[in-house]
Amino acid sequence: MVGADLLGKVLMVGHGDGAVSGRITETEAYTSDDAASHSFNGRTARNAVMFGRPGHLYVYLSYGIHRCANVVTGTDGDGQAVLIRSVDPLSGLDEIRRRRAGRNDGELTNGPGKLCAGLGIDLADSGIDLADPASSVRIMDDGTPAPDEPIVGPRIGITKSVDTPWRFRAPPRQL
DNA sequence: AAAGAGATGGTCT
DNA sequence: GACCATCTCTTTT
């Protein structure tokens, strides 16, 4: 599985009236033989869920401030994950705006730290099963297909394996 | 419009 | 004690 498969899927947080969601528009893949990956140096307490079962959520603290959300993709014991880099708000817009007070609508969830803040994904959510309808965070397929030709490019914000083009973005959405 | 720097804390050496 | 899979604000063209 590669990151491009997640494009177009719906990331949903919470249940009922308080639920918020967004459509995934940009991802990055990380594997265990990739020097830029958290899993590169083997399993540790922090990255343990990356080595767990696929379809689970891996959340880590970035730069001491932000949270970043990943979908574990490798088989059990393999240490692969896909970082969700950007999302288009889909439902619960009022709540998202409230959490991201002072920002333009276009800047609500267009970054890995921003989308976690806007949707309310926290470190405590790490390890949950994204496919379980009872989970507080889950990924759903509403029938929207992944783009035929995702934009592929280099990953962002890393210092190692910079040349590996494992960033995937949905083409600009037409209105 | 673009470029630079500070914030801030867990994790690993 | 250094290193970050980032964001925002401030300063400079």
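Reckoned from all heavy atoms, side chains included, excluding hydrogens, waters and symmetry mates.
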With a 4.0 Å cut-off on heavy atoms, is [X] in touch with a base, just the backbone sugar-phosphate, or nothing at all?
| X | value |
| --- | --- |
| L83(A) | base |
| R46(A) | sugar-phosphate |
| N41(A) | nothing |
| R167(A) | nothing |

Counterpart base for dA2(B), defined by Watson-Crick or G-U wobble contacts under 3.5 Å: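 Its partner is dT11(C).
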Counterpart base for dA2(C), defined by Watson-Crick or G-U wobble contacts under 3.5 Å: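 Its partner is dT11(B) (Watson-Crick or G-U wobble, both distances under 3.5 Å).
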Find the distance [X]:[atom1] to [N]:[atom2] and express it as a whole number of Å.
| X | N | atom1 | atom2 | value |
| --- | --- | --- | --- | --- |
| H38(A) | dT13(B) | NE2 | C1' | 16 Å |
| Y58(A) | dG10(B) | OH | C1' | 11 Å |
| I158(A) | dA5(C) | CD1 | P | 8 Å |
| I65(A) | dG6(B) | CD1 | P | 13 Å |
| Q80(A) | dA5(C) | CD | P | 18 Å |
| L61(A) | dA5(C) | CG | P | 12 Å |
| N47(A) | dT11(B) | CG | P | 10 Å |
| Y63(A) | dC9(C) | OH | P | 18 Å |

Side-chain touch R99(A)/V20(A), heavy atoms, less than 4.5 angstrom: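 Yes, their side chains come closer than 4.5 Å.
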4.5 Å side-chain heavy-atom contact, D142(A) and M12(A):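 They are not in contact (no side-chain heavy atoms under 4.5 Å apart), so the answer is no.
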T44(A) side chain near dC12(B) phosphate (N/O to OP1/OP2, under 4.0 Å):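 For T44(A), the contact criterion (side-chain N or O under 4.0 Å from OP1 or OP2 of dC12(B)) is met.
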Side-chain N or O of R67(A) closer than 4.0 Å to phosphate OP1/OP2 of dG9(B):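 So the side chain of R67(A) is outside the cut-off, no N or O lying under 4.0 Å from OP1 or OP2 of dG9(B).
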R100(A) vs N70(A), nearer the 5' end of DNA chain C by closest nucleotide: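 With R100(A) and N70(A) compared, the 5'-side residue is N70(A).
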Nearest-nucleotide comparison on DNA chain B, the residue closer to the 5′ end among H66(A) and L123(A):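 Whichever sits nearer the 5' end wins; that is H66(A).
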C68(A) side chain, from C-beta outward: closest of dT6(C), dC4(C), dT8(C):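 The listed nucleotide nearest to C68(A)'s side chain is dT6(C).
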Nucleotide of dC7(C), dA5(C), dC9(C) approaching P112(A) most closely (side-chain heavy atoms):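 Minimum distance to the P112(A) side chain belongs to dC7(C).
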Minimum heavy-atom distance between I121(A) and A69(A), given as atom pair plus value: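 It is CD1-CB, 4.2 Å.
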Cluster check I139(A), V13(A): I/L/V/M/F/W/Y, side chain < 4.5 angstrom: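 I139(A) clusters together with V13(A).
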L115(A) reachable from L93(A) in the ILVMFWY side-chain graph, under 4.5 Å edges: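 Same cluster: L93(A) reaches L115(A) through Ile, Leu, Val, Met, Phe, Trp or Tyr contacts under 4.5 Å.
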